Number of protein chains: 2
Amino acid sequence: MQDDAPFDLRDFMPYLLNQAADASSRDFQSYYKGKYGMLRTEWRVLFHLGRYGAMTARQVCDRAGIHKTKVSRAVAALDSKRFVRREEMAHDRRHEELHLTAQGRSVFADLTQEAQRFDAAMLAEFTETEVKQIRAFLTRIARL
Amino acid sequence: MQDDAPFDLRDFMPYLLNQAADASSRDFQSYYKGKYGMLRTEWRVLFHLGRYGAMTARQVCDRAGIHKTKVSRAVAALDSKRFVRREEMAHDRRHEELHLTAQGRSVFADLTQEAQRFDAAMLAEFTETEVKQIRAFLTRIARL
DNA sequence: AGGTATTAGTTGCTTTTGTAACTAACAAGC
DNA sequence: GCTTGTTAGTTACAAAAGCAACTAATACCT
């Protein structure tokens, strides 16, 4: 193709975003996978419970925007690792409230700290204004 | 370092990047999937061949940073769709040069145009300066 | 009350990805 | 020329994601 302004993949925002997302996740992912054998969805569910308190699987789905089958399997995994405990709710036996165990809380604390460390390291080379702009941009793209 | 500024997922750059990447890819992905039954790797391989000319699978791997098994499968798929044609190289029968067929070229043209349209639409709400900063930021994160 | 519709959550099956082992062709050293 | 090593590409198997059907409990409607 011999266009005037040939379109390069690096000019394509979804491509750039995906590459950046992959690169930025890699190290952190290998941390929680290596240390706790956790998957990404498990980390997200754990995070939500640790950060916002006990809630049902449905609430995790809504808050985190993850499909219920993924949450269901993540909870099963976290349960078998004893990071999460299920508590059946009396008034409606369909629901079960998910609580972090003591171990779960300590994993949450560790991962959160590590996440903050990663984040700080990644953003260290940018000014505060830049970071603010980036966040605004990404949030808008993601329509969060 | 703790509860003073509670850490939110939206403050975590890998999360933000992933959400933005997913959101930005969704529509374009459903376009090439719906219209041509293509997968992401197939689109990328097709793009490389269309944009940079015929090359071997290995060269696609290197240029695009995709693992050879993924490329191998993508090429097989593109071949069976008759978007790509394999040409064995005389001096070394291990290599085969990949060429777009006429059909492949027209799909490439369509997808490239569509990609540019998507990109323009996505970036329309940002100033040129902002876009430049974003690109610089993402490129740096992705270490391209 | 009794049938229908919803909602929470799980399970099964299919598609896609990731990893590692494998084949085939060539190159190099002895 | 034969053994060893490399490189291109494929295949086989395992992990994970996506989607749809399913179970169980409750709500709604007449």
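Bear in mind the structure is a predicted one, so any value in this text is a computation, not a measurement. Any value given below was found using the heavy atoms of this structure, including those in side chains, with hydrogens, waters and symmetry copies removed.
Using a cut-off of 4.0 Å between Lys/Arg side-chain N and Asp/Glu carboxylate O, B/Asp22 and B/Arg26 are scored as not salt-bridged. Between B/Glu42 and B/Lys81 there is a salt bridge, since a side-chain N of the basic residue sits under 4.0 Å from a carboxylate O of the acidic one.
Distance alone, capped at 3.5 Å, is enough to place a donor-acceptor pair between the A/Asp119 side chain and the B/Met13 backbone. In this structure a side-chain-to-backbone donor-acceptor pair under 3.5 Å is present from B/Gln59 to B/Thr56. Looking only at distances, a side-chain donor or acceptor of B/Arg105 sits under 3.5 Å from a matching main-chain atom of B/Leu100.
Contacts of A/Gln103 classified as side chain to side chain contact (heavy atoms under 4.5 Å, CB included), with partners at least two apart in sequence or in another chain: A/Arg82, A/Phe83, A/Thr101.
Here the two rings, on A/Phe47 and B/Tyr15, have centers that are 6.0 Å apart or farther.
In the region residues 29-57 of chain A, proximity to DNA chain C at under 4.0 angstrom, judged on heavy atoms, holds for A/Thr56, A/Ala57. Within a heavy-atom distance below 4.0 Å of DNA chain C, the residues of residues 65-78 of chain B found are B/Thr69, B/Lys70, B/Arg73.
Connection of B/Met122 to B/Leu138 is established within a shared hydrophobic cluster, with ILVMFWY side chains joined at heavy-atom distances below 4.5 Å, either directly or through further cluster members. Both A/Val107 and B/Phe12 belong to a common hydrophobic cluster when Ile, Leu, Val, Met, Phe, Trp and Tyr are linked at side-chain heavy-atom distances under 4.5 angstrom.
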Grab the N/O contacts between the protein and nucleotides 24-27 of chain D below 3.5 Å, and write none if there aren't any.
unit_1	atom_1	unit_2	atom_2	d
D/dA25	N3	A/Arg94	NH1	3.3
D/dT26	OP1	A/Arg93	N	3.1

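Protein chain A contacts DNA chain C over a range whose 5' and 3' limits, counting nucleotides with an atom under 4.0 angstrom from a non-hydrogen atom, are C/dT6 to C/dG12.
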For residues 65-78 of chain A, run the donor-acceptor check on the side chains, cut-off 3.5 Å, and write out each pair with its distance to 0.1 Å, sequence neighbours left out.
unit_1	atom_1	unit_2	atom_2	d
A/His67	ND1	A/Thr69	N	3.2
A/His67	ND1	A/Thr69	OG1	3.2

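When each of A/Tyr31, A/Tyr36, A/Phe28, A/Phe108 is checked for a ring pair (Phe, Tyr, Trp, His ring centres under 6.0 Å) with A/Trp43, only A/Phe28 meets the rule.
Within 6.0 Å of atom CZ in A/Arg40, 12 or fewer heavy atoms from other residues, nucleotides or ligands are found, so the atom counts as exposed in its surroundings.
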